[in-house]
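No experiment lies behind these values; they were computed from the predicted model shown. Whatever order the structure lists them in is the order used to number ligands and atoms, beginning at 1.
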Amino acid sequence: MGLASCKPERDAERQNRQIESQIRMENQANKRKVKMLLLGISDSGKSTIVKQMRFFKNSRLVDKQNTYCRVNYLDGFNETEVVNAIFVIRNNIIDAFKNISNIILHSDINSVIKLFAHESGKIEMMQEVDELKIINTVRDYTCIKEFFERFSCHPAVPDHIHYFFPNLDRIAVANYIPTPEDIIHMRQTTLGVHEISFDYTKHTIRLIDVGGQKTERRKWIHFFEGVTAVMFTCSLASFNQTTEEEPKSFVEGNGLRKQSIPAVLWESSLNKVQNRIMVRSSGKARVEKPGMINRLDEAVELFRSIRENHFLRTSTFMLFLNKVDLLAKKLSIIRFSEYFPDYKKWINGDNSVASVAEFIESMFREGLEPDQKIYAHLIQATVTTNVEFTFALCCDVIFERNLEGTTLE
Ligand SMILES: Nc1nc2c(ncn2[C@@H]2O[C@H](COP(=O)(O)OP(=O)(O)OP(=O)(O)O)[C@@H](O)[C@H]2O)c(=O)[nH]1
Ligand SMILES: [Mg+2]
């Protein structure tokens with residue numbers, strides 16, 4: 001009688017133990033799943049970071065059904081992507097020439113420049129041989145060459161052309177095959193939201209890349225739930241640019257001094273003290289015309305609104321201060337204080353990358369409570385080793401906080 005009444009109890013206990021151990025295992029597995037969001041305004045370098053992950057040595061890409069893709073998929077780009085890149089890169093070059101033609105346009109300028117300025121769409125519709133002939137003709141014009149020499153840091157000059165212009169001999173030919181480096185430098189605006197998933201050390205990472213244009217931002221909120229980490233990307237080179245959606249300002253440089261730019265692996269010293277430092281900038285760039293927004297100011301504003309979002313209150317925030325190579329190039333001919341007069345009050349006469357980057361970083365930290373941590377890194381997203389190293393540093397922090405159970409997932 002007694003035995004008979006104990007048996008169902010023991011069965012129930014066993015079942016309970018099984019359920020508890022299953023829950024424990026699921027919790028552990030969940031803590032190893034990490035959802036990361038790449039946010040930032042357009043052209044800040046989010047998709048470039050994602051592209052670099054194809055080259056990471058320490059990770060395996062996982063497809064939507066969670067089965068592993070062949071490992072060699074990660075060794076670069078597939079054939080379709082390479083063929084697609086031929087056309088995207090040519091369009092990048094035509095767009096850059098179009099912007100420049102619009103600036104140097106005056107009455108006695110020749111018909112090819114006019115074609116770029118007014119009807120560049122026609123060039124993209126031409127036979128390949130004619131398209132290449134036109135690209136090669138215009139790039140040899142003295143006015144175009146001079147423009148690149150004197151005004152390479154003009155805000156209307158797209159960032160990618162610093163890389164593509166010196167490589168035109170190789171690119172503007174009929175049998176051109178893009179190299180991985182070419183694809184890293186190409187510019188393709190992200191529309192919609194893209195996700196890649198990959199195993200990294202003991203974790204499975206879902207990395208979500210969004211489009212940064214104003215019209216794309218309303219889609220972001222749908223992905224804010226359960227975010228372990230936000231990687232906010234900002235272009236340091238945007239300090240003399242206005243937003244893409246606004247007309248560009250015209251700012252002249254004094255001619256480019258050639259200098260070699262070292263690859264930078266730099267973790268901000270401000271990470272150690274977080275927001276206890278006195279924030280010395282009050283930000284806000286001087287803009288020429290009403291209605292225009294400086295792109296750096298826009299990035300700071302956007303960061304602030306995201307930082308205050310209720311859904312992201314427990315997420316870890318990483319700040320990627322990107323395009324340090326272009327910042328160095330610009331600072332060799334432009335004084336940062338011409339755009340941000342407050343910089344002069346903070347530190348006078350020092351136009352170095354380190355000092356300007358620290359000022360920009362403090363703009364992002366301004367107004368944060370001491371317990372609101374952000375981890376800032378100076379990066380060059382076009383350099384794989386730089387992104388891989390920085391990503392590893394970030395993951396150390398993110399995984400540690402995740403296992404402490406401080407995040408939602
Ligand atoms: N020189 C240089 N170029 C960079 C760097 N990072 C990104 N770029 C270039 O900047 C351009 C824009 O980069 P994307 O990654 O497409 O920017 P995004 O943030 O994804 O832009 P949206 O998709 O419009 O939101 C590309 O041509 C990149 O090659 C960098 O560190 N240095
Ligand atoms: Mg993108």
Side-chain angles (χ1 to χ4, degrees), residues 37-55 77 81 84-85 88-93 95-96 99 152-153 155 157-167 171 178-196 207-220 223 230-239 241 243-245 260-266 295-296 298-299 302-303 306 319-332 353 357 377-391:
L37 272 188
L38 266 166
L39 302 179
I41 69 168
S42 185
D43 203 39
S44 54
K46 302 179 290 300
S47 304
T48 310
I49 292 171
V50 176
K51 281 186 219 163
Q52 291 289 12
M53 299 199 170
R54 304 280 188 93
F55 297 93
F77 303 101
E81 288 166 311
N84 181 45
V88 178
I89 290 169
R90 285 211 190 119
N91 283 355
N92 284 172
I93 292 163
D95 280 348
N99 288 2
S152 65
C153 293
V157 173
D159 292 345
H160 55 71
I161 206 71
H162 291 273
Y163 172 82
F164 288 132
F165 195 68
N167 280 294
I171 294 171
T179 63
E181 207 182 348
D182 295 347
I183 301 179
I184 293 286
H185 278 88
M186 94 186 176
R187 169 79 179 121
Q188 195 166 29
T189 307
T190 304
L191 297 176
V193 178
H194 300 261
E195 176 176 329
I196 63 162
L207 183 72
I208 296 173
D209 177 26
V210 299
Q213 287 183 328
K214 276 182 186 161
T215 47
E216 291 292 310
R217 290 181 207 159
R218 66 202 158 91
K219 300 174 190 163
W220 295 6
F223 301 87
V230 172
M231 298 181 158
F232 191 92
T233 313
C234 157
S235 165
L236 291 164
S238 65
F239 74 86
Q241 297 168 336
T243 59
E244 263 178 10
E245 293 88 348
S260 62
I261 296 151
V264 189
L265 290 178
W266 186 84
R295 304 196 73 204
L296 194 51
E298 191 196 11
L302 182 64
F303 179 75
I306 288 166
L319 176 63
F320 289 160
L321 300 170
N322 187 29
K323 305 198 186 182
V324 64
D325 56 323
L326 293 178
L327 176 71
K329 204 168 193 176
K330 288 191 173 181
L331 292 182
S332 71
V353 169
H377 299 270
L378 202 64
I379 66 162
Q380 183 177 345
T382 45
V383 177
T384 311
T385 46
N386 192 183
V387 178
E388 190 164 10
F389 177 85
T390 310
F391 189 74

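Here atom 3 (N) of ligand 1 lies nearest to Thr382 when heavy atoms of Thr382, Asn322, Asp43, Asn386 are compared. Nearest-heavy-atom check against atom 16 (O) of ligand 1 across His194, Glu216, Glu181, Arg187 picks out Arg187.
Side-chain atoms of Arg295 come within 3.5 Å of backbone atoms of Ser42 as a donor-acceptor pair (strictly under, hydrogens ignored).
With a 4.0 Å heavy-atom cut-off, ligand 1 is reached by the backbone of Thr190 and by its side chain too. Of the heavy atoms in Lys51, none comes closer than 4.0 Å to ligand 1. When non-hydrogen atoms are compared, ligand 1 lies under 4.0 Å from the side chain of Leu326 (C-beta onward) but not from its backbone. Contact annotation: for Thr48 versus ligand 1, heavy atoms closer than 4.0 Å belong to both the backbone and the side chain.
Side-chain N/O atoms of Thr233 and Asn322 include no donor and acceptor closer than 3.5 Å.
The pair Asp209-Lys51 fails the salt-bridge criterion, with no side-chain N (NZ, NE, NH1 or NH2) lying under 4.0 Å from an Asp/Glu carboxylate O. The pair Lys46-Glu216 fails the salt-bridge criterion, with no side-chain N (NZ, NE, NH1 or NH2) lying under 4.0 Å from an Asp/Glu carboxylate O.
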> Going through the checks in order, is the side-chain contact (heavy atoms from CB on, under 4.5 Å) test met by Ser152 and His162?
Replying inline: CA-CA 8 Å; Ser152 65; His162 291 273; 4.0 Å; yes
> Which is it for Asp159 and Lys329 under the salt bridge (charged side-chain N to carboxylate O under 4.0 Å, His left out) test, yes or no, and what are the steps along the way?
Replying inline: CA-CA 11 Å; Asp159 292 345; Lys329 204 168 193 176; over 6 Å; no
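Of the listed residues (Leu296, Ile41, Leu39, Leu302), just one forms a side chain to side chain contact (heavy atoms under 4.5 Å, CB included) with Cys234, and that residue is Leu296.
Below 3.5 Å of separation, one finds no N or O of Gln380 facing any N or O of ligand 1. Checked against a 3.5 angstrom limit, the closest N/O atoms of Gln213 and ligand 1 fall outside it. Polar contact with ligand 1: absent for Val324 (N/O pair, distance under 3.5 Å). Distances between N or O atoms of Gly40 and those of ligand 1 include no value under 3.5 Å. Ligand 1 has no N or O atom lying under 3.5 Å from any N or O atom of Asp159, backbone or side chain. At a 3.5 angstrom cut-off on N or O pairs, Ser44 counts as close to ligand 1. The shortest N or O to N or O distance between Ile184 and ligand 1 is below 3.5 Å. For ligand 1, the polar-atom distance check against Gly211 finds no nitrogen or oxygen pair separated by under 3.5 Å. Between Asp209 and ligand 1, not a single N/O pair is under 3.5 Å apart.
For Ala381 against Ile184, the heavy-atom pair with the smallest separation is O-CG2, 4.4 Å. Pairing each heavy atom of Ala96 with each of His160, the nearest pair is CB-CE1, 4.3 Å.
In this structure, Lys323 has a heavy atom closer than 4.0 Å to ligand 1.
The OG1 atom of Thr48 sits 11.0 Å away from atom CD of Gln188, with the distance rounded to the nearest 0.5 Å. If you take OG1 on Thr382 and NZ on Lys323, they are separated by 9.0 Å, rounding to the nearest 0.5 Å.
Residue contact check: Gly212 has heavy atoms under 4.0 Å from atoms 22 (P), 25 (O) of ligand 1. For ligand 1 and His160, the ligand atoms under 4.0 Å from any heavy atom of the residue are 27 (O).
Taking 4.5 Å as the limit, every side-chain heavy atom of Phe389 sits out of range of all side-chain heavy atoms of Val383. Contact annotation: the side chain of Leu191 approaches that of Gln213 to within less than 4.5 Å [non-hydrogen atoms, C-beta and beyond]. A heavy-atom distance below 4.5 Å is not found between the side chains of Leu326 and Leu236.
Counting only protein N, O or S atoms, 2 lie closer than 2.8 Å to the Mg ion (ligand 2).
Between His185 and Tyr163, the two ring planes are parallel [angle under 30°; tilted spans 30° to 60°].
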